[in-house]
Structure formats: C-alpha cells, structure tokens
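Here the structure is a predicted model, which is why all the values come from computation and not from measurement. Naming convention: chains lettered A, B, ... in sequence-line order (proteins, then strands); numbering from 1 in each chain.
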Number of protein chains: 2
Amino acid sequence: MAQMDAKQAEKISKALSDPTRLKILSEIKKKNDWLYCVDLYDNINLAQPSICHHLKQLTETSIILPEKEGRNIKYTMNNDVIDEYIGFLQGLKKDCGL
Amino acid sequence: MAQMDAKQAEKISKALSDPTRLKILSEIKKKNDWLYCVDLYDNINLAQPSICHHLKQLTETSIILPEKEGRNIKYTMNNDVIDEYIGFLQGLKKDCGL
DNA sequence: TTTATGCATTGAAATATTTAAATGTTTTGT
DNA sequence: ACAAAACATTTAAATATTTCAATGCATAAA
C-alpha cells in the first residue's frame, strides 16, 4: 500500500471535516456503496451548487470516485484512499513502530 | 471499543486538517511519544499563542493528552481516540458490513 | 517577595470556507 | 432543433479559521 504523506493526510482530513460531506459519505454507505448526485437532493437540505461544491471536495481528494453515466454521475467510495489515510493515522499512534 | 459518531469524527477531522497540528503530532512521535510545549517552539515557526491555539484544538478533541508537570505541560498521543476514529473510517468503506 | 518562566486568553487583522443565486454546459427526450 | 434534466461554474455574501501582539495567570527560582 502506498504511503500517504502529511500534506495528503491534511487534505483528506479537511475533506472529512464538514457535516455535509460526512453525510454524503454515510448516504453512499446507506445506499449500498454508490449513489447518483440527484439522490442527495432529497436528504441534504442545501442548494444544488452547495452539494456540488462538497462533492468536488470529496472527488478532488479521491475519497469518492465519480463515474459518468449519461446525464448522471455515479459516486462510489474509494477504499484505497481511506486505507492509506488509516495507515497514516496508525503511524501517529503511541508505541507504533518499536 | 466505543463507537464514534459523525459529529465527533467531524471534530477529529478538523483537528487533523492543519499542517501545524500534523507537525505537532509528528514531533510527538519523533520525540518518542511525548514532549513539552516548549519543545515545539524550536521546530514550529509560529508565535507562542498560535502554537497554544493549535495545542488546544488537539487537546479539546483528546487526540493528545495534557499532563501538568510544574510549570510545564507534557503532551502524549491518545491512541484510544485515534483507534475510534479509525473505526469510524472503516465503517465508511465500501463492502464494509455485509 | 520579587523576578522570571511557561502557558493561556483576549482582541483584531488576514485569510479561508461555506452557501446560494444566476448562469453555463452536456446529455436526453420529443 | 427545441426543451428539459443533471451537474458545473462564477460571483459574492456570511461565517469560520489562522495568526500574532498585548496581556494575564500560575509556578519556580533567587
């Protein structure tokens, strides 16, 4: 597994540091690991540009992956990035690496 | 292990979303899992109140634990919080919980 | 008891983030 | 081709964060 550096970890952390973005991730989880952008409008009480903005933060860090399907975009979780981020966090822990 | 909710995860993420705060954590790691506040002044090019502010963010989320020793404060990593946060992240992953 | 050291708090400026109205782009349906 | 649907971008306002000078407070040293 590739090693994530502090700069990347900072960006992932920032992407995860907003209630709307965590809500988006939990919606993806709830809908069995993928959803269309439009699915979020029902569950998130924000204007479309705001949701779009949050999706951008999550896709720019590759936490979720966009897949174009005609007019829609299908978003899925990217386990690899989560795992690399977890690896970074493990490395911070006390007594880790003795 | 206690389960972390989204609100807590948001706060942890926010605490981890700053280069200075990640630097503080890596300094703690480098110094064999603990250091005094004063140890940071050499390695971080910010004024004392700024470093104090960042330490506060990290202690308020319990990512690091402060221990008073006379005039000094000794900071150590809190593995429990990191582990709970990692648990939250694992729960977000695709195909997790089938 | 003064003086110095280590850390916290306050207040304010600079910067970044969040939000949405208006508008643009791409694709689908008629 | 035209209209509608799905998502993106621009712009700007509201809010939050970062930073530091000045100051405060508690502990230790002289």
Novice: Going by salt bridge (charged side-chain N to carboxylate O under 4.0 Å, His left out), name the residues that satisfy it together with B:D33, two or more places apart in sequence or in a different chain.
Specialist: B:K29
Novice: Which residues satisfy the side chain to side chain donor-acceptor pair (under 3.5 Å) test with B:Q8, sequence neighbours excluded?
Specialist: none
Novice: Polar-atom pairs under 3.5 Å, protein N or O versus N or O of nucleotides 1-5 of chain C: list them with distances, or write none.
Specialist:
from: C:dT5; atom 1: O4'; to: B:R71; atom 2: NH1; distance (Å): 3.1
from: C:dT5; atom 1: O2; to: B:R71; atom 2: NH1; distance (Å): 3.3

Novice: Does B:N78 reach the main-chain N or O of B:L65 with its side chain, forming a donor-acceptor pair under 3.5 Å?
Specialist: no
Novice: Between B:L55 (CG) and C:dT9 (P), how many Å, whole number?
Specialist: 12 Å
Novice: Nearest to the side chain of A:N72, which nucleotide is it out of C:dC7, D:dT18, D:dC7?
Specialist: D:dC7
Novice: Please, which pairs that meet salt bridge (Lys or Arg N to Asp or Glu O under 4.0 Å) have at least one residue in residues 80-94 of chain A, sequence neighbours excluded?
Specialist: A:D83-B:K93, A:K93-B:D83
Novice: Rounded to the nearest angstrom, tell me the gap between atom CD in A:E67 and atom P in D:dA6.
Specialist: 18 Å
Novice: Which residue pairs pass the ring-ring contact (aromatic ring centres under 6.0 Å, His included) test when at least one of the two sits in residues 77-98 of chain A, sequence neighbours left out?
Specialist: none
Novice: Distances for protein N/O vs nucleotides 15-17 of chain D N/O pairs under 3.5 angstrom?
Specialist:
from: D:dT17; atom 1: OP1; to: B:K14; atom 2: NZ; distance (Å): 3.4

Novice: Is there any ring-ring contact (aromatic ring centres under 6.0 Å, His included) pair reaching into residues 33-69 of chain B, and which pairs are they, with sequence neighbours excluded?
Specialist: B:W34-B:Y36
Novice: Could you give the distance from CG (B:L25) to CG (B:L35), rounded to the nearest 0.5 Å?
Specialist: 9.5 Å
Novice: May I have all residue pairs that pass salt bridge (Lys or Arg N to Asp or Glu O under 4.0 Å) and include part of residues 61-76 of chain A, sequence neighbours excluded?
Specialist: A:E69-A:K74
Novice: For A:I51 and C:dT18, what is the distance between atoms CD1 and P respectively, to the nearest whole Å?
Specialist: 14 Å
Novice: B:K23: which residues meet the salt bridge (charged side-chain N to carboxylate O under 4.0 Å, His left out) condition with it, sequence neighbours left out?
Specialist: B:E27
Novice: Atom NZ of A:K68 and atom C1' of C:dT28: how far apart are they, to the nearest Å?
Specialist: 12 Å
Novice: For A:K74 and C:dT27, what is the distance between atoms NZ and C1' respectively, to the nearest whole Å?
Specialist: 18 Å
Novice: What is the distance from CG of A:L16 to C1' of C:dT18, rounded to the nearest Å?
Specialist: 17 Å
Novice: Quick one: list whatever passes side chain to side chain donor-acceptor pair (under 3.5 Å) with A:D39, sequence neighbours left out.
Specialist: none
Novice: Which parts of residues 33-50 of chain B get close to DNA chain D, meaning a heavy atom less than 4.0 angstrom away?
Specialist: B:L46, B:A47, B:P49, B:S50
Novice: By the salt bridge (Lys or Arg N to Asp or Glu O under 4.0 Å) test, which pairs, at least two apart or in different chains, include something from residues 4-16 of chain B?
Specialist: B:K7-B:E10
Novice: Using OP1 and OP2 only, check whether a side-chain N or O of B:K56 sits under 4.0 Å from C:dT9.
Specialist: yes
Novice: Write down the distance between CG (B:L58) and P (D:dT18), rounded to a whole number of angstrom.
Specialist: 11 Å
